[in-house]
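In the text below, chain A, chain B and the rest are named by the order of the sequence lines, each starting its count at 1.
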Protein chains: 2
Amino acid sequence: MNLRVEDYISIKLHQTDLKLTSEIKSRLQPYNLAPEQNLVMMLLWEKDGLTQNQLSEKLGKDKTNIARMVVNLEGKGFIERKFCPRDRRSLEVYLTEDGRKLKEEVVPVSEAFNADVTEGLSKQDLEHLDQVLTKILNNIKG
Amino acid sequence: MNLRVEDYISIKLHQTDLKLTSEIKSRLQPYNLAPEQNLVMMLLWEKDGLTQNQLSEKLGKDKTNIARMVVNLEGKGFIERKFCPRDRRSLEVYLTEDGRKLKEEVVPVSEAFNADVTEGLSKQDLEHLDQVLTKILNNIKG
DNA sequence: TTGATATAGTATGTGTAGCAACTAAATGGG
DNA sequence: CCCATTTAGTTGCTACACATACTATATCAA
């Protein structure tokens with residue numbers, strides 16, 4: 001076959017992802033939030049009190065990374081952790097007042113980012129993209 | 001709007017990329033090659049003697065990362081660097097015998113990976129994906 | 001009740017991404 | 001020809017991904 005670098009769709013996908021990450025990183029910088037930290041916050045804005053383990057499952061990320069992100073977010077004063085009374089191994093993650101207020105500023109940034117990214121793409125394009133990404137994910141898992 | 005985590009296409013794209021990276025990483029591990037190091041090698045297998053700066057441009061990566069990858073690849077004995085005689089600031093990157101031999105083992109792994117990733121996707125699906133990713137990239141750049 | 005096993009989270013190490021500040025070499029204008 | 005500017009690459013910093021090994025707590029079974 002002898003494919004060239006530009007023939008691998010996974011490479012293009014990777015490079016697209018890097019650009020997206022870089023862009024959202026710079027947009028979030030004024031709010032002292034890293035991109036992955038924002039994902040944690042998004043889940044907590046929906047519902048806080050999740051354990052680190054639940055965050056890890058929902059985001060499909062390694063628990064060591066969740067631990068680091070949560071420690072950072074705690075250091076920034078956006079969340080606080082309490083030992084779960086039922087299971088003292090678990091830490092429940094709660095928003096602080098600062099963390100709660102941050103939602104008003106950051107959610108519009110995320111939504112504007114999403115609007116910019118999907119500019120010029122039809123609903124069909126996005127659905128198709130979603131389906132193809134799902135297929136790719138399944139191809140890898142199995 | 002109030003989108004949920006799963007409504008952001010960039011998040012899905014990011015998670016897909018992570019799975020792909022993780023998979024190719026484990027497939028390349030037996031050859032002592034990290035995924036991004038493999039990208040450098042792929043370019044060099046097409047044509048070696050490129051400077052670090054040219055590698056950086058072709059891969060769209062920061063020169064600091066290229067420098068680090070190249071140092072690692074040199075440590076592994078896959079490449080060697082020579083000062084460019086015309087411009088003594090530049091380092092030209094050449095394959096060693098080991099690096100050259102590696103191609104025979106690693107290219108089939110990359111191509112098998114690509115075949116697995118794209119399994120069940122039509123040519124149209126892939127073209128559409130490529131186009132949509134290109135549009136997304138352009139949306140971000142501008 | 002106790003001992004094996006599973007689970008939640010932490011610590012550590014490697015690889016990657018990109019920014020800022022730096023060194024050394026090249027270049028171009030006065 | 002020399003000084004200012006640009007360019008190639010390195011070093012240091014922060015954040016992220018993931019693997020392995022560890023501690024502490026929970027649970028289940030004999």
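- Computed from coordinates, the B/Leu50 CG to D/dA8 P distance equals 14 Å when rounded to whole Å.
- Counting distance only, with no hydrogens placed and no angle test, the side-chain atoms of B/Thr64 and the base atoms of C/dC19 include a donor-acceptor pair under 3.5 Å.
- Whole-Å rounding puts the B/Gln29 CD to D/dA19 P distance at 9 Å.
- Here D/dC16 presents its P atom at 14 Å from CG of A/Leu18, a figure rounded to the nearest Å.
- Rounded to whole Å, atom C1' of D/dA17 lies 11 Å from atom NE2 of A/His14.
- Ion pair A/Asp48/A/Arg100 flagged as a salt bridge, since at least one NZ, NE, NH1 or NH2 atom sits closer than 4.0 Å to an Asp/Glu carboxylate oxygen.
- If you take CG of A/Leu91 and P of D/dA24, they are 15 Å apart, rounded to a whole angstrom.
- Each of A/Arg81, A/Glu92, A/Glu57, A/Lys63 was checked for a side chain to side chain donor-acceptor pair (under 3.5 Å) with A/Gln52, and the lone residue meeting it is A/Arg81.
- No side-chain donor from either of B/Ser56 and B/Asn53 sits under 3.5 Å from a side-chain acceptor of the other.
- Dashed line: the shortest gap from a side-chain N or O of B/Lys61 to OP1 or OP2 of C/dA17 is under 4.0 Å.
- The distance from atom CD of B/Gln15 to atom P of D/dC16 is 15 Å, rounded to the nearest whole Å.
- Side-chain atoms of B/Asn65 lie closest to C/dG18 of the nucleotides C/dG18, D/dT25, C/dT10.
- The listed nucleotides are D/dC16, D/dG9, C/dG13; the one nearest the side chain of A/Ala34 is D/dC16.
- Distance CD1 (A/Ile140) to C1' (D/dC18): 17 Å, rounded to an integer number of Å.
- Separating the NZ atom of B/Lys25 from the P atom of D/dA17 is a distance of 12 Å, rounded to the nearest angstrom.
- Taking 3.5 Å as the limit, the base of D/dG9 and the side chain of B/Arg81 contain no donor-acceptor pair of atoms between them.
- Of the possible polar contacts, none joining the B/Ser22 side chain to the B/Leu18 backbone as a donor-acceptor pair under 3.5 Å is found.
- Closest to the side chain of B/Arg68, out of D/dG12, D/dT10, C/dG13, is D/dG12.
- Mapping A/Gln37 and A/Arg89 onto DNA chain D by nearest heavy atom places A/Gln37 closer to the 5' end of the strand.
- Nucleic acid contact class of B/Thr51 (heavy atoms, under 4.0 Å, all strands): sugar-phosphate only.
- The residue among A/Asp62 and A/Lys19 whose nearest nucleotide of DNA chain C is located toward the 5' end is A/Asp62.
- Between B/Lys101 and B/Glu97 there is no salt bridge, since no side-chain N of the basic residue sits under 4.0 Å from a carboxylate O of the acidic one.
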